[in-house]
Amino acid sequence: MEITISATKEINIEDILILYKANEWSSANKPKELYNALTNSETLITAWEEEKLVGLGNAISDGYLTVYYPHLLVLPEYQGKGIGKLIMDKMQEKYGHFHMQMLTADGRSVDFYKKNGFERAGKTEPMWIYQGNEH
């Protein structure tokens, strides 16, 4: 298995929806908004096995001090093979020197992010107004 990591925003909605539906993310129910959100992010990193999209992550940033990572997904059959780490490593190349890197993690993703250097932010509580139901 050879995985190629790309920083291109040239991606089609069909590939995105396969990835999001396979992970049961509710944002797949808003394809136009999801596509626009990803392609308008400051950074979009994708992972490919030949022509097949197997993972992606995006970043929203002020460009200087703070970055937020909203999405990181890998097709379920490709999880545990280091693809998420490849995506995060690429993000760290760009944002590793920033003052604050933030994300929201739950379930199995908590351990993944801890392995990648993230820790709970003091005594903070994640808060949101959320339209999804996969959490």
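These numbers come from the heavy atoms of this one structure, side chains and all, not from hydrogens, waters or symmetry mates. Because the structure is predicted, anything quoted here is derived from the model rather than measured.
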Legend entry - Stepwise side chain to side chain contact (heavy atoms under 4.5 Å, CB included) test for I5 and W48: CA-CA 6 Å; I5 301 298; W48 303 84; over 6 Å; no
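Within the 4.5 Å cutoff, no side-chain heavy atoms of T104 are placed close to those of Y69. Using a 4.5 Å cut-off on side-chain heavy atoms (C-beta onward), D89 and E93 make no contact. For the pair K94 and K90, the minimum side-chain heavy-atom distance is 4.5 Å or more. Considering only heavy atoms from C-beta on, V67 stays 4.5 Å or farther from I60 through its side chain. For the pair L53 and I18, the minimum side-chain heavy-atom distance is 4.5 Å or more. Under the 4.5 Å side-chain criterion, counting only non-hydrogen atoms from C-beta, I45 is not in contact with L56.
In the displayed structure, E10 atom CD is contacted under 6.0 Å by at most 12 heavy atoms of other residues, nucleotides or ligands. Residue K9 places its NZ atom among more than 12 non-hydrogen atoms of other residues, nucleotides or ligands, all under 6.0 Å distant.
From L38, atom CG reaches atom CD1 of I13 across 7.5 Å, with rounding to the nearest 0.5 Å. Here the CD1-CE distance, from I83 to M88, works out to 15.0 Å after rounding to the nearest 0.5 Å. Distance CG/L73 to OG1/T46: 12.5 Å, rounded to 0.5 Å. Note that the CD atom of Q101 and the CD atom of Q92 stand 4.0 Å from one another [nearest 0.5 Å]. In this structure, CG on N29 lies 7.5 Å from NZ on K21, to the nearest 0.5 angstrom. For the atom pair H71 NE2 and I16 CD1, the distance stands at 11.0 Å (nearest 0.5 Å).
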When the side chains of residues 119-127 are checked against the rest of the protein, which donor-acceptor pairs come out under 3.5 Å, sequence neighbours left out?
| from | atom 1 | to | atom 2 | distance (Å) |
| --- | --- | --- | --- | --- |
| R120 | NH2 | T124 | O | 2.8 |
| R120 | NH2 | E125 | OE2 | 3.3 |
| T124 | OG1 | A121 | O | 2.7 |

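Contact detail for G84 and L72: the closest heavy-atom pair is O-CD2, 4.2 Å. Scanning both residues, P76 and A22, for their nearest heavy atoms gives CG-O, 3.4 Å. Nearest heavy atom pair, residue S26 against residue Y130, reads OG-OH, 3.7 Å. Between K81 and M1, the closest heavy-atom pair is CD-CE, 3.5 Å.
Through chains of ILVMFWY side-chain contacts below 4.5 Å, M100 is grouped with Y68, M102.
In this structure, the side chain of N58 does not engage the main chain of S41 through any donor-acceptor pair within 3.5 Å. Under the 3.5 Å distance criterion, the side-chain polar atoms of S61 are matched with a main-chain donor or acceptor of T66. No donor-acceptor distance shorter than 3.5 angstrom exists from the side chain of S109 to the backbone of A105, with no hydrogens or angles considered. Between the side chain of D15 and the backbone N or O of I11 there is no donor-acceptor pair closer than 3.5 Å.
Q79 and N23 share a side-chain donor-acceptor pair at under 3.5 Å.
In this structure K52 satisfies the salt bridge (charged side-chain N to carboxylate O under 4.0 Å, His left out) test together with E77, sequence neighbours excluded. Checked against salt bridge (charged side-chain N to carboxylate O under 4.0 Å, His left out), K30 has no partners two or more places apart in sequence or in another chain. Residues passing the ring-ring contact (aromatic ring centres under 6.0 Å, His included) test with Y113, sequence neighbours excluded: F118.
Counting only residues at least two apart or in different chains, ring pair (Phe, Tyr, Trp, His ring centres under 6.0 Å) contacts with residues 90-110 comprise Y95-F98.
Here K115 does not pair with D111 in a salt bridge; the nearest charged N to carboxylate O distance is not below 4.0 Å.
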